[in-house]
Amino acid sequence: MSSSMTAKSPQQAKPGAIQRRWRTLIALGSGYFVDQGEAQAMSVLFPAIRSALNFGYGGLGQIAGWRNLLQALSSPVWGFLADRYSRKWIIVFGTGIWGLWTLACGFVTSFEQLFWIRVVAGIGLGCLLPPTFSLVSDLFGPAERGRAMGVLGSIGFIGVIVGVLVLGVLLGIPGLGWRAGFIVLGAASVLSGLVIAIFVEEPVRGSAEPELSDTLPEMAEAEVRIRRQDIGDILRIPTIWLTFLQGIFGVTPWVVMGAYFVTWLVDA
């Protein structure tokens, strides 16, 4: 009997394998949960930070602007590394260990210190999505991938809500609330890295694609990785450029609103 007739498709996976896939997804979601909560930190905590460190709107704009710029520029680099090295350990390093930079924000004593530490922390925030999406695409076949992405997105939205609520509660600590917020977020990021290190199982690249399932045992894993020479072909796809434009003109207003909304409410 040929291998094409005996190979199991992703949808025919054993119950134990299915359970491990969802366990891996939830573990990845822990990192996304914390990162989405962390993204609210400067917006929610800024009124207290402004009073403590004595700087204004312009300082918030510099921190938020440079942080988001470095996050955007670092994402392709993290994705490039994830194509060549273990995606699991890239996430553990970029999301877990890098969370120590967020924790360090709780100990700053000046705008300059906060600026540099917060901007460096933003580089780590670009790490999560490229390897996470790559892992999800190899854990779930086409028939299940949308549901898996939906679950991951829901975990992220819950992280936003919980992050805002927790940071709001911590602000109630006189004088130290904003510092406690950064320390708690940094510690949670490190904890999520530990969860990912323990529970994430890294699949073979391309293993959830029905077209590749019969040939993967004979293929080198490098054959399904993106190569440097592929970048030119990718950039010739019109949809890629439309996505860039959507990011520039669609996301930018939300970034500005997200950074200043709480402060505007306080000052109103």
Side-chain angles (χ1 to χ4, degrees), residues 31 34-78 81 90-129 159-160 163-193 247-248 251-268:
V34 175
D35 271 24
Q36 289 298 294
E38 199 272 352
Q40 316 310 311
M42 280 301 299
S43 172
V44 175
L45 300 177
F46 179 69
I49 296 172
R50 175 178 60 178
S51 299
L53 301 183
N54 193 30
F55 66 95
Y57 288 134
L60 175 59
Q62 291 180 50
I63 293 174
W66 281 102
R67 171 186 166 277
N68 283 296
L69 177 62
L70 288 181
Q71 179 180 345
L73 294 176
S74 69
S75 287
V77 177
W78 289 114
L81 293 173
I90 291 290
I91 297 172
V92 170
F93 175 75
T95 297
I97 299 175
W98 209 278
L100 292 172
W101 287 101
T102 297
L103 189 150
C105 290
F107 298 94
V108 301
T109 58
S110 68
F111 166 75
E112 289 75 17
Q113 291 177 5
L114 180 63
F115 174 83
W116 288 109
I117 293 176
R118 190 67 180 153
V119 165
V120 172
I123 297 174
L125 291 176
C127 158
L128 184 67
L129 292 185
V160 171
V164 170
L165 292 175
V166 170
L167 291 172
V169 171
L170 291 174
L171 274 177
I173 304 174
L176 298 175
W178 66 272
R179 295 185 184 276
F182 281 123
I183 292 170
V184 167
L185 285 169
S189 186
V190 173
L191 179 61
S192 74
I248 293 171
V251 176
T252 300
W254 290 106
V255 171
V256 175
M257 286 292 295
Y260 284 100
F261 187 68
V262 173
T263 300
W264 287 335
L265 287 177
V266 171
D267 292 348

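Because the structure is predicted, anything quoted here is derived from the model rather than measured.
Listed here is the closest heavy atom pair of Ala104 and Ile117: CB-CG2, 4.2 Å. In plain terms, the two heavy atoms of Ser192 and Thr95 that are nearest each other are OG-CG2, 3.9 Å. Of all heavy-atom pairs spanning Leu167 and Leu185, the tightest one is CD2-CD1, 3.9 Å. In this structure, Thr102 and Ala121 approach most closely via the heavy-atom pair OG1-CB, 4.1 Å. Gly126 and Ser75 get closest at one heavy-atom pair: O-OG, 3.2 Å. Minimum heavy-atom separation, Pro76 to Leu73: CD-O, 3.3 Å.
One N or O on the side chain of Trp98 and one on the backbone of Val120 form a donor-acceptor pair closer than 3.5 Å. Checked by atom type and distance alone, the side chain of Arg67 never pairs as donor or acceptor with a backbone atom of Phe115 at under 3.5 Å. Between the side chain of Tyr57 and the backbone N or O of Thr263 there is no donor-acceptor pair closer than 3.5 Å.
Atom CD1 in Ile173 sits 12.5 Å away from atom CZ in Arg179 (nearest 0.5 Å). With rounding to the nearest 0.5 angstrom, the CG atom of Asp35 is 8.0 Å from the CG atom of Leu129. Note that CH2 of Trp101 and CD1 of Ile123 are 8.5 Å apart. Values are rounded to the nearest 0.5 Å.
By the side-chain contact (heavy atoms from CB on, under 4.5 Å) test, Ala188 is found to be paired with Val34, residues two or more places apart in sequence or in another chain being considered. For Ile90, the side-chain contact (heavy atoms from CB on, under 4.5 Å) partners two or more places apart in sequence, or in a different chain, are Trp78, Leu81, Cys127, Pro131. Evaluation of the side chain to side chain donor-acceptor pair (under 3.5 Å) rule for Gln62 yields no partner, not counting sequence neighbours. Checked against side chain to side chain donor-acceptor pair (under 3.5 Å), Ser110 has no partners two or more places apart in sequence or in another chain. For Val169, there are no side-chain contact (heavy atoms from CB on, under 4.5 Å) partners at least two apart in sequence or on another chain.
Within the structure, the salt bridge (charged side-chain N to carboxylate O under 4.0 Å, His left out) test picks out the following pairs touching residues 109-125 (sequence neighbours left out): Glu38-Arg118.
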Checklist entry - Are Arg50 and Leu60 close enough, and set up right, to give a side-chain contact (heavy atoms from CB on, under 4.5 Å), and what steps lead you there? => result CA-CA 9 Å; Arg50 175 178 60 178; Leu60 175 59; over 6 Å; no
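Side-chain contact between Val190 and Leu103: absent, with no pair of heavy atoms (C-beta onward) separated by less than 4.5 Å. Using a 4.5 Å cut-off on side-chain heavy atoms (C-beta onward), Met42 and Ile49 make contact.
Taking the six-membered ring for Trp and the full ring otherwise, the centers of Phe261 and Phe46 sit at least 6.0 Å from each other.
Using bins of under 30°, 30° to 60° and over 60° for the plane-to-plane angle, the ring pair Phe182/Trp178 lands in the perpendicular bin.
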